[in-house]
Amino acid sequence: MDGFSGTLRLTDLNDFMAPAQECIKPVTINRIPEKGRSIKITASGDYSEVDAKGQEKKLEKAAITLSDCLACSGCVTSAETVLIQQQSVDELLRVIRENLEVPADQRRIIVASVSLQSVASLARRYRLTMRQCQQKVSGYLRSLGVDRIYDLSAASALALTESQREFVDRARRNDPGSLPMLASACPGWICYAEKTHGSWVLPYINTTKSPQQIQGALIKKYLSRADHQNPGKYYHATLMMCYDKKLEASREDFYDDVLRSREVDCVVTSLEMEQMLEKKGVLLDQVCSSDFDLLPGLSTEFYNSGGGAGGYLENILRHAARELFQYEVGPVEYKTIRNQDFRETTVTINGELKLYFAAAYGFRNIQNIVQKLKRSKCPYGFVEIMACPSACLNGGGQIRAPDAAEAKVWLQDVQELFDSLEKTDAGSNIPWLDGLYRTLRDDPSTEPSKLLHTQYHSLENKGTALNIKW
Amino acid sequence: MASLDLVQSLHGHDDRAWSVKWNPAGTILASCGSDTKIILWMEEGGKWSAKVTLTNAHQRTVRTVAWSPTGTYLASCSFDKTICIWKRDETGAFDSIATLEGHENEVKCVAWSISGEYLASCSRDKTVWIWTCEYDDEYDCLSVLHSHTQDVKKLCWSPSEDILVSCSYDNTIKLFKDDGDDWTCVETLSGHTSTVWSVGFDHSGNRLVSCSDDQTIKIWQRLGGEGDGNFGAQGWQCVCTLGGFHDRTIFDVDWNRKNGAIASAGADDSIKIFEEDLDVRDSLREPSFRLSFSVPRAHSQDVNAVSWNPVRPNLLASCSDDGSIKIWNYTQEAR
Ligand code: SF4
């Protein structure tokens with residue numbers, strides 16, 4: 001199963017091992033202890049238990065949830081199997097179908113949040129402009145029975161402003177361990193950092209949630225308030241660029257015990273969306289168009305400047321220059337180091353180097369950053385770390401060129417489509433942003449410092465399951 | 001008659017000896033093993049003895065050692081997931097100057113490119129990494145290659161250009177090249193029916209030798225390469241399979257770049273030398289090799305590696321699970 005970022009693949013996620021084959025996670029199965037029992041494997045591969053009287057009983061399969069897998073440092077290999085069952089187009093369609101079968105007053109509100117990277121991918125596939133594609137995707141989702149469709153405007157604006165603030169705080173604090181700040185929007189990178197490097201690297205990671213999770217929090221906490229509804233009433237699906245986002249949505253941190261609800265219930269990738277359209281024989285360009293909805297309080301859309309990785313580097317750079325040095329950064333110029341996925345940029349004022357940022361995409365470049373950091377030789381203030389080469393427009397869940405030889409051109413097309421939308425700097429005036437912050441602050445349950453931030457957990461591997469001679 | 005005569009048995013490892021490598025000048029033999037030690041053996045008055053022992057760099061088995069083309073650097077890789085770079089100073093002492101981390105588990109092999117610009121490593125984590133050092137003994141990772149589907153056992157670089165070859169538990173051999181922005185797998189050689197344990201180039205870089213758990217040795221030839229009678233065709237092809245000589249897994253092969261002899265060794269405790277039969281070579285594309293000499297009980301246990309001395313082509317070194325290192329003298333058949 002492809003679709004994950006290379007980083008996760010290295011961390012054995014792609015090994016495709018059925019749960020329990022090598023799973024070290026103890027699972028509780030309800031059994032009454034009794035003497036004289038033995039376990040038998042039937043011809044069909046099921047496990048049966050034979051008691052002292054020779055009575056046979058089929059044993060329940062141990063169910064391991066995706067969160068179990070993610071919280072375990074043993075193997076992550078079974079995660080994928082579980083993941084595909086729990087977050088798939090079929091699951092989404094099932095929820096929608098069942099929702100339509102219950103009386104109207106008991107129905108859940110089905111919300112879909114659509115990433116711009118996915119729109120760009122679908123736009124390339126179906127030869128549409130960004131605007132057309134947004135409207136077609138929206139129209140199609142509505143025809144399936146989705147009630148509300150949003151883009152990630154509010155979530156991206158909040159993710160960027162919170163990251164900007166956090167960077168400036170860290171820079172002012174400037175104790176050991178506060179800089180460099182490492183980007184947090186890519187779950188492929190986060191999973192790798194937690195599983196492979198653990199405690200020493202985690203303090204460097206921006207605590208701001210990714211746009212997907214901020215959007216989830218907004219739907220379940222902010223939208224529900226505005227609608228005067230219980231958060232559990234919402235079923236929230238996202239259309240994203242990678243499978244890694246499914247892992248992100250499944251994190252314990254994004255599950256609210258009290259509300260018994262996840263910020264994001266189901267993640268569907270661009271590729272899965274395409275496959276669904278193909279399977280149903282739907283031609284996206286022939287679907288009725290409809291507009292996206294706007295979250296309460298939003299008056300315009302916001303599309304971040306600075307590229308498919310979320311624009312963190314550029315937006316933080318501009319904000320930090322303004323806040324720390326009262327300096328306006330012009331167009332950001334990059335210097336490519338070694339390969340196109342490793343770029344640096346600096347802000348120099350009166351000959352003095354003030355800010356030194358880097359973008360490092362793909363596993364090989366993550367390696368170099370992490371190793372430099374480990375040896376205290378990382379010169380950067382901020383690093384936009386993303387697991388995929390070329391970042392999210394090239395995510396593992398994006399639609400591929402039909403012919404592998406055209407992959408580069410295809411990606412360029414997607415990039416051009418993405419760039420065709422007018423982008424805004426998060427520091428400039430986003431008309432509704434202050435209002436949104438005010439509303440969030442007014443309610444303790446949506447307090448931005450909690451709602452928009454998260455934490456990371458060290459899951460370092462304590463030795464390998466296999467111990468072989470070679 | 002050809003012969004392979006024991007020159008000397010060297011004892012210094014307290015556990016399995018995994019790898020032996022001559023420095024480019026042919027004056028130092030480096031060995032490593034499960035005892036986590038790296039021993040440098042040198043000749044003095046006709047006798048080889050342990051001159052330097054490098055310890056404390058690795059926590060677990062040191063699987064392979066590799067010399068840089070100038071002999072200034074030695075790289076070692078270990079089951080402790082790390083690679084260590086050693087530098088020789090003016091006095092001849094070796095200091096550990098860098099530790100490369102990144103592999104998820106056991107690192108199986110390291111190899112320097114002929115230009116000295118790149119260092120490659122491979123691991124049970126199925127990946128091949130390419131590293132480079134630009135300044136200050138700081139090594140950067142240039143590429144992480146996921147082409148193999150299983151444990152990657154061995155690596156070697158072409159003697160004529162920057163082409164890297166790897167072999168794996170997935171039964172294949174892969175060739176990698178730099179495409180400008182990243183390294184990519186340019187070719188996969190299938191033919192072995194089990195784990196490919198080792199690969200090596202001939203002097204020209206147009207031929208490869210590989211050995212496998214399927215108990216065969218295969219010779220591969222670059223089509224379109226010089227003198228293969230198939231000019232213009234692309235890719236590599238197996239041109240000869242040597243079976244029925246070893247009756248257990250073959251762990252290592254080394255192609256002598258001076259005299260063309262191929263040495264092989266494996267789990268049957270033997271060392272065998274093959275020579276190309278130039279007389280019966282009817283077509284340029286299908287060479288024939290014959291067994292020139294065999295030492296059935298070369299060691300008392302598995303022979304893990306063999307290595308020809310690059311300057312004194314008659315000298316062969318071997319190492320074994322029995323912990324010993326042996327130096328052999330090979331006499332070619334008079335022509
Ligand atoms: S870089 Fe983007 S697409 Fe790739 S894993 Fe990270 S978030 Fe997903």
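Chain letters run A, B, ... following the sequence lines, proteins first and then strands; every chain starts at 1. The analysis underlying the following values was restricted to heavy atoms, covering all of them including side chains, and did not include hydrogens, waters or symmetry mates.
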Contact class of [X] relative to chain A, heavy atoms under 4.5 angstrom:
X         : value
Thr99(B)  : backbone
Leu142(B) : both
Tyr169(B) : neither

Taking the side chain as every heavy atom from C-beta outward, state whether Glu101(B) and Gln367(A) have any atom pair closer than 4.5 Å.
no
Over 12 foreign heavy atoms within 6.0 Å of [atom1], [X]:
X         : atom1 : value
Asn56(B)  : CG    : no
Lys408(A) : NZ    : no
Lys177(B) : NZ    : no
Arg248(B) : CZ    : no

Would you say Asp181(B)'s side chain and Gln340(A)'s backbone share a donor-acceptor pair under 3.5 angstrom?
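Yes: the side chain of Asp181(B) pairs with the backbone of Gln340(A).
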For the pair Arg364(A) and Asp140(B), find out whether any cationic side-chain nitrogen is under 4.0 Å from an anionic carboxylate oxygen.
no
What distance do [X] atom [atom1] and [Y] atom [atom2] have between them, rounded to the nearest 0.5 Å?
X         : Y         : atom1 : atom2 : answer
Phe363(A) : Leu145(B) : CZ    : CG    : 11.5 Å
Trp131(B) : Asn368(A) : CH2   : CG    : 7.5 Å
Cys141(B) : Asn365(A) : SG    : CG    : 7.5 Å

